[in-house]
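The shown structure was predicted, so the numbers you read here are calculated from the model rather than taken from an experiment.
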Amino acid sequence: MKKITGFSFAYLLLIGMILVILSSCLTQKQVKYLQRKQKEDTTHSYQNRRTSDYKIQPHNNLYIRIYGLDEKSFLFFNKQSGITNYAVESSEIGLYLDSYMVNDSGYIDFPLIGKIFVKDLKVDQAKNLIQSLVNEYLKNVTVTLKMVNFNITVLGEVVRPGSYKVYQDKINIFEAVSLAGDLTAFSNRQKVALVRQTKEGSRVIYLNLNSIDILRSEYYYLEPNDILYFAPLGIKRWGTETFPWALIFSAISTALLLISYLKL
């Protein structure tokens with residue numbers, strides 16, 4: 001009777017160990033991006049709000065260039081960083097060095113024209129304002145304006161958490177993830193916290209990177225000073241990224257030794 005009870009205990013122990021090990025494994029559903037709800041959905045085009053409603057704020061950097069037929073007439077409007085290396089001058093770093101920083105009061109100091117108030121203007125609005133001001137001095141010229149950098153902070157279960165400078169006017173959430181070296185296996189992709197600063201204070205939005213619906217989200221494109229936090233999955237403390245064959249074989253061996261011992 002004792003041997004039967006012992007065998008039952010050994011078998012239950014074996015099954016229990018295997019179930020615990022299997023429950024600690026990550027599934028593809030937990031780590032795969034952009035999953036479709038239905039297999040028959042073959043749509044490859046998704047609408048999202050690409051045009052940003054972001055308004056220029058102090059400490060933003062604006063790259064502004066004036067172009068026209070007569071280079072000598074508009075050259076003095078353009079800021080020169082003094083860089084002589086063409087590769088650097090034409091790079092994103094060169095654009096940053098030749099940009100204008102918006103001061104705490106919301107002004108940029110533009111050659112000849114002087115101080116221009118651009119705070120709370122959209123990029124297109126600021127461009128049109130400067131174009132109208134330059135037109136008072138020159139004819140047949142074109143103004144180019146874009147925001148060349150802003151900060152994005154990525155925290156939590158990523159390979160390289162930190163704050164990153166973005167030298168472009170738009171960046172989507174997957175590009176931000178790539179800056180941080182991608183997510184770890186134990187990152188909770190279904191509940192990503194996006195912290196965005198508004199006039200009323202900090203706002204937290206939760207996004208699901210596992211779902212392909214993220215491509216339709218109005219938060220797919222990030223704004224300056226956005227913070228992304230990737231929380232860990234609950235199984236991180238005892239979980240495993242790959243299938244634990246070694247642990248399973250070890251559990252089976254232990255159970256078999258116990259059964260053999262109980263037969264004695």
Side-chain angles (χ1 to χ4, degrees), residues 26 30-34 48-63 91-106 108 118-123 126 145-237 241:
L26 291 172
Q30 290 174 298
V31 298
K32 188 178 179 181
Y33 297 120
L34 304 177
N48 53 49
R49 191 183 63 181
R50 184 174 179 82
T51 56
S52 175
D53 289 333
Y54 180 76
K55 296 180 180 179
I56 298 170
Q57 298 299 315
H59 306 293
N60 286 160
N61 289 84
L62 305 178
Y63 176 79
S91 68
E92 294 174 346
I93 296 177
L95 297 179
Y96 172 75
L97 294 176
D98 284 340
S99 65
Y100 298 84
M101 177 177 284
V102 182
N103 64 23
D104 292 335
S105 301
I108 59 171
V118 295
K119 182 177 179 293
D120 291 331
L121 294 180
K122 297 180 183 179
V123 172
L145 184 152
K146 61 180 177 179
M147 193 163 60
V148 297
N149 84 298
F150 53 79
N151 290 331
I152 293 294
T153 301
V154 187
L155 301 173
E157 287 295 317
V158 293
V159 176
R160 295 188 302 271
S163 183
Y164 295 89
K165 287 189 177 296
V166 181
Y167 297 98
Q168 59 193 65
D169 58 353
K170 291 183 180 69
I171 182 173
N172 63 50
I173 191 169
F174 288 108
E175 290 173 322
V177 167
S178 69
L179 288 177
D182 204 358
L183 307 181
T184 69
F186 295 104
S187 177
N188 188 347
R189 292 158 170 79
Q190 295 184 2
K191 195 174 182 181
V192 180
L194 168 63
V195 183
R196 176 165 293 176
Q197 299 299 319
T198 66
K199 293 181 179 180
E200 294 75 26
S202 298
R203 183 184 179 191
V204 181
I205 305 103
Y206 290 99
L207 306 172
N208 183 1
L209 298 191
N210 285 142
S211 172
I212 202 166
D213 289 336
I214 186 66
L215 298 178
R216 301 187 182 96
S217 173
E218 61 180 298
Y219 303 105
Y220 179 67
Y221 285 96
L222 303 180
E223 293 186 357
N225 302 316
D226 276 353
I227 300 173
L228 290 171
Y229 174 66
F230 296 88
L233 291 168
I235 66 171
K236 180 183 179 181
R237 186 167 296 181
E241 296 182 35

Out of Asp120, Val102, Ile108, which residue meets the side-chain contact (heavy atoms from CB on, under 4.5 Å) rule with Ile56? Val102
Residue pair Lys146 / Val123: nearest heavy atoms and the distance that separates them: CA-CG1, 4.3 Å
Looking just at side-chain N and O atoms, do Asp226 and Gln197 make a donor-acceptor pair shorter than 3.5 Å? no
Find out whether Leu179 and Arg160 are in side-chain contact, i.e. whether some heavy atom of one side chain is under 4.5 Å from a heavy atom of the other. no
What's the spacing between Asn151 CG and Lys165 NZ if we round to 0.5 Å? 4.0 Å
Could you tell me if the side chain of Val158 sits less than 4.5 Å from the side chain of Leu228, heavy atoms only? no
Shortest non-hydrogen pair, Tyr206 vs Ala193, comes out as CE2-CB, 3.8 Å
For side chain to side chain contact (heavy atoms under 4.5 Å, CB included), just list the numbers for Leu222 and Val166, CA-CA rounded to whole Å, side-chain angles, deciding distance to a tenth of an Å, and then say yes or no. CA-CA 11 Å; Leu222 303 180; Val166 181; over 6 Å; no
Do other residues, nucleotides or ligands put more than 12 heavy atoms under 6.0 Å from the CZ atom of Arg203? no
Atom pair CG/CG of Asn103 and Asn60 - distance to nearest 0.5 Å: 11.5 Å
If I take atom OG from residue Ser217 and atom CG from residue Asn172, how far apart are they, to the nearest 0.5 angstrom? 11.5 Å
Between atom OG of Ser178 and atom CD1 of Ile171, what is the distance when rounded to the nearest 0.5 Å? 6.5 Å
Which atom names give the shortest non-hydrogen contact between Val177 and Phe230, and what distance separates them? CG2-CZ, 3.7 Å
Which heavy atom of Arg189 sits nearest to which heavy atom of Asn208, and what is that distance? O-OD1, 3.5 Å
Might you point out which heavy atoms bring Ala176 and Val154 nearest each other, and give the distance in Å? O-CG2, 4.0 Å
Atom OG of Ser99 and atom CE of Met147: how far apart are they, to the nearest 0.5 Å? 11.5 Å
Look up atom CG in Leu194 and atom OH in Tyr229, then write down how far apart they are to the nearest 0.5 Å. 14.5 Å
Shortest non-hydrogen pair, Glu157 vs Phe186, comes out as CG-O, 4.0 Å
